[in-house]
Amino acid sequence: MNAEQAERFVSEAIEPVADTFDTSRMATGEPGLPGAFVWRGEILQIAAVLRTWRETGPCRHGSPESYVRKHWFEVTTRAGATLKVDFDRQPRGRRGAARWWLFSVRAPDGA
């Protein structure tokens, strides 16, 4: 793998494209992965989900329960890039804070 194909850390908010959410996951309390996101003015169309996982953490109010903090998705785009995105269940800060984040990007082979 050459340097252009290395995974690149991004950590930037991304905007889901309206009306592209996978509503089948929402029935189980999980976020519906959008079919497309806007990042830096470019539309990233999701082609396939490679894997999903959850990040958990302890209750912030002292009880012994663990709660899901983030839902992670590793996906490929129609352009061939591989993305790691996460959905933050409890964004900190102001109301309406970004919930979807682009963690990293790996360019398509040959790019």
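Atoms considered below: every heavy atom in the structure, side chains included; atoms not considered: hydrogens, waters and symmetry mates.
A donor-acceptor pair shorter than 3.5 Å can be found between the side chains of Ser104 and Glu7.
Residues Leu50 and Val75 are not in side-chain contact: their nearest non-hydrogen atoms beyond the backbone lie 4.5 Å or more apart. Inter-residue side-chain proximity for Lys70 and Phe87 is flagged as unmet; no heavy-atom pair is nearer than 4.5 Å. Put simply, the side chain of Pro34 does not reach to within 4.5 Å of the side chain of Val17, judged on heavy atoms. No side-chain heavy atom of Arg8 sits under 4.5 Å from any side-chain heavy atom of Arg106.
Ring centers of Trp101 and Phe37: at least 6.0 Å apart, outside the cut-off. Taking the six-membered ring for Trp and the full ring otherwise, Trp72 and Phe103 have centroids separated by under 6.0 Å.
Between the OG1 atom in Thr77 and the CD atom in Gln45 there is a gap of 9.0 Å [rounded to 0.5 Å]. A distance of 11.5 Å separates NZ in Lys84 from CZ in Phe9, rounded to the nearest 0.5 Å. Atoms CG and CZ, from Asp86 and Arg99 in turn, are 11.5 Å apart once rounded to the nearest 0.5 Å.
Within a 6.0 Å sphere centred on CD1 of Ile43, other residues, nucleotides and ligands contribute 12 heavy atoms or fewer.
Taking each heavy atom of Arg89 and Pro31 in turn, the nearest pair found is NH1-CD, 4.5 Å. Between Ile46 and Leu83, the shortest heavy-atom contact is CD1-CD1, 4.4 Å. Nearest heavy atoms, Val49 versus Thr52: CG1-CG2, 3.7 Å. In this structure, Val68 and Arg54 approach most closely via the heavy-atom pair CG2-CD, 3.9 Å. Closest approach of Pro108 to Ala79, counting heavy atoms only: CG-O, 3.6 Å.
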Practice prompt. Go through Trp100 and Glu15 one step at a time and tell me if the side chain to side chain donor-acceptor pair (under 3.5 Å) criterion holds.
Written response: CA-CA 7 Å; Trp100 287 99; Glu15 187 69 31; over 6 Å; no
Worksheet item: For His71 and Arg25, what are the C-alpha separation, side-chain angles and deciding distance, and is it a side-chain contact (heavy atoms from CB on, under 4.5 Å)?
Response: CA-CA 12 Å; His71 292 268; Arg25 296 183 69 120; 5.6 Å; no
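For the pair Arg51 and Glu74, the salt-bridge criterion is met [side-chain N within less than 4.0 Å of a carboxylate O].
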